[in-house]
Amino acid sequence: MCDELGVARSTFYDWRQKDRGPRCIRLPNGSLRIRCSDFENWLSDCEDAS
């Protein structure tokens, strides 16, 4: 996701802290994953807000 948006990983984690990023799923090993549908919905919401 970070590569697709052209943002640093730290920016993504900052968005998550501020509840501005897409919904994430934490796996048992601690990794984060984002469903494609959640990512697309989040992008649409960002477009509508601007």
Side-chain angles (χ1 to χ4, degrees):
M1 184 195 98
C2 293
D3 289 339
E4 187 171 331
L5 294 174
V7 299
R9 189 176 285 189
S10 60
T11 301
F12 169 72
Y13 286 116
D14 185 51
W15 289 347
R16 273 186 43 81
Q17 267 189 328
K18 296 175 181 174
D19 289 330
R20 294 184 182 177
R23 194 170 75 137
C24 297
I25 301 166
R26 186 170 298 278
L27 300 178
N29 67 0
S31 297
L32 294 175
R33 296 292 182 265
I34 302 168
R35 287 188 177 103
C36 290
S37 59
D38 289 335
F39 179 64
E40 290 171 6
N41 289 336
W42 176 77
L43 278 178
S44 294
D45 291 344
C46 290
E47 288 177 354
D48 293 343
S50 58

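This is a predicted model, so every value here is computed, not measured.
- A heavy-atom distance below 4.5 Å is not found between the side chains of E40 and P22.
- The structure places SG of C24 at 4.0 Å from CD1 of I34, a figure rounded to the nearest 0.5 Å.
- Counting heavy atoms from C-beta on, the side chains of S37 and W42 never come closer than 4.5 Å.
- Looking at residues two or more places apart in sequence or on another chain, you find a side chain to side chain contact (heavy atoms under 4.5 Å, CB included) between S31 and L27, N29, R33.
- Each side-chain hydrogen bond (donor to acceptor under 3.5 Å, both in side chains) pair with one or both residues in residues 9-22, not counting sequence neighbours, appears once here: D14-K18.
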Assess whether side-chain contact (heavy atoms from CB on, under 4.5 Å) is satisfied between E4 and F39, documenting all intermediate values.
CA-CA 11 Å; E4 187 171 331; F39 179 64; 3.6 Å; yes
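- For R35, the salt bridge (charged side-chain N to carboxylate O under 4.0 Å, His left out) test picks out no residue, with sequence neighbours left out.
- Of all the heavy atoms in C2 and A8, the pair that sits closest is SG-O, 4.1 Å.
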